[in-house]
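What follows is a set of notes on a single structure, which appears directly below.
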Amino acid sequence: SIAPLEGNAAALGVNALSIPEAREAILATRQSGEPAATVAFRLTQSAADRDEQGVVLYQALFGGEPASTPAQRQARFAGVVFVTLRIDRAFAGLTAADMGHMRWCLSSESAAGGLRRFAGPAGCEAAAAPANHFQHAETFNWGGRALRFTVHADPDAVSTGTREAT
């Protein structure tokens, strides 16, 4: 079943293994027994007029005794539980009007190679910050994926407010 049903009804009855992004993560959690996240992709339940990215985190379920090897996990595989995250909505606060001087991106390597956008403006995974911008990048692991969060800002557009006297 899917909860909440409102806003997700279009995903009912979908064979997740027929979606390449989901299949990769489901097979990874079945093999490892650890949570596995998809790359970002357009969710089945997203409205047709929205270019909304989502990520699904899967956890394999196994029957019987605890499985310690990939072969045992495959033999005892009973299914998955999952949570779907609409990443663009989760990061919506970073695009508030008073944050217009900032540019950010959340990306990850895909199995096919190259970066895939998880969240942020379309094409942000391929855009480089100008050399004179304030910038920071952080890589962290989530659901078996190395995610890279980058942010940069034009120093001429940053409001400095008042400075303390030294």
Side-chain angles (χ1 to χ4, degrees), residues 1-96 99 102-127 136-152:
S1 73
I2 294 178
L5 187 56
E6 184 179 332
N8 293 307
L12 277 174
V14 170
N15 175 359
L17 292 173
S18 71
I19 301 168
E21 296 87 352
R23 180 179 177 80
E24 177 188 346
I26 291 168
L27 296 178
T29 188
R30 182 182 74 178
Q31 175 81 8
S32 69
E34 298 295 321
T38 65
V39 294
F41 66 102
R42 189 178 179 289
L43 299 170
T44 304
Q45 62 268 43
S46 293
D49 62 341
R50 296 189 69 174
D51 181 27
E52 182 176 53
Q53 296 286 306
V55 175
V56 184
L57 183 65
Y58 290 96
Q59 175 61 62
L61 301 173
F62 303 98
E65 296 294 317
S68 59
T69 68
Q72 289 173 335
R73 284 190 284 275
Q74 185 166 349
R76 296 178 186 157
F77 182 68
V80 293
V81 292
F82 63 93
V83 63
T84 301
L85 304 167
R86 289 177 168 96
I87 298 297
D88 287 326
R89 289 184 191 180
F91 283 87
L94 291 177
T95 58
M99 302 296 276
M102 294 181 65
R103 301 289 178 261
W104 63 275
C105 190
L106 183 63
S107 60
S108 177
E109 286 282 333
S110 72
L115 289 176
R116 290 272 306 255
R117 175 177 68 102
F118 260 52
C124 67
E125 70 282 5
H136 182 75
E138 196 71 38
T139 300
F140 58 96
N141 290 316
W142 181 75
R145 293 200 171 276
L147 299 181
R148 180 171 171 81
F149 181 78
T150 58
V151 62
H152 65 94

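This is a predicted model, so every value here is computed, not measured. One is the number of the first residue; the rest follow in order along the sequence. Note that these values count all heavy atoms, side chains included, but never hydrogens, waters or copies made by symmetry.
- Looking at Arg86, its side chain never comes within 3.5 Å of a backbone N or O of Gly54 through a donor-acceptor pair.
- Residues Ala40 and Arg116 share a closest heavy-atom pair of O-NH2, 2.7 Å.
- The aromatic rings of Phe82 and Tyr58 sit tilted relative to each other, their planes meeting at an angle between 30° and 60°.
- With sequence neighbours excluded, the residues forming a side-chain contact (heavy atoms from CB on, under 4.5 Å) with Ala28 are Ala36, listed by chain and number.
- Here the shortest heavy-atom pairing between Ile19 and Phe41 reads CG2-CE1, 3.9 Å.
- Taking the charged nitrogens against the carboxylate oxygens, Glu21 and Arg42 have no contact shorter than 4.0 Å, which rules out a salt bridge.
- Heavy-atom minimum distance, Ala137 versus Thr150: CB-CG2, 3.8 Å.
- A pairwise comparison of heavy atoms in Ala78 and Gly63 identifies CB-N, 4.2 Å as the closest pair.
- Contact detail for Leu57 and Trp142: the closest heavy-atom pair is CD2-CZ2, 4.0 Å.
- Not counting sequence neighbours, the partners of Gln74 by the side-chain contact (heavy atoms from CB on, under 4.5 Å) test are Arg30.
- The heavy-atom pair separating Ala16 from Ala22 by the smallest distance is O-CB, 3.3 Å.
- Val56 has its side chain out of reach of Leu85: every pair of non-hydrogen atoms, C-beta onward, lies at least 4.5 Å apart.
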Between Arg145 and Glu24, is the salt bridge (Lys or Arg N to Asp or Glu O under 4.0 Å) condition met? List the steps. CA-CA 12 Å; Arg145 293 200 171 276; Glu24 177 188 346; 3.0 Å; yes
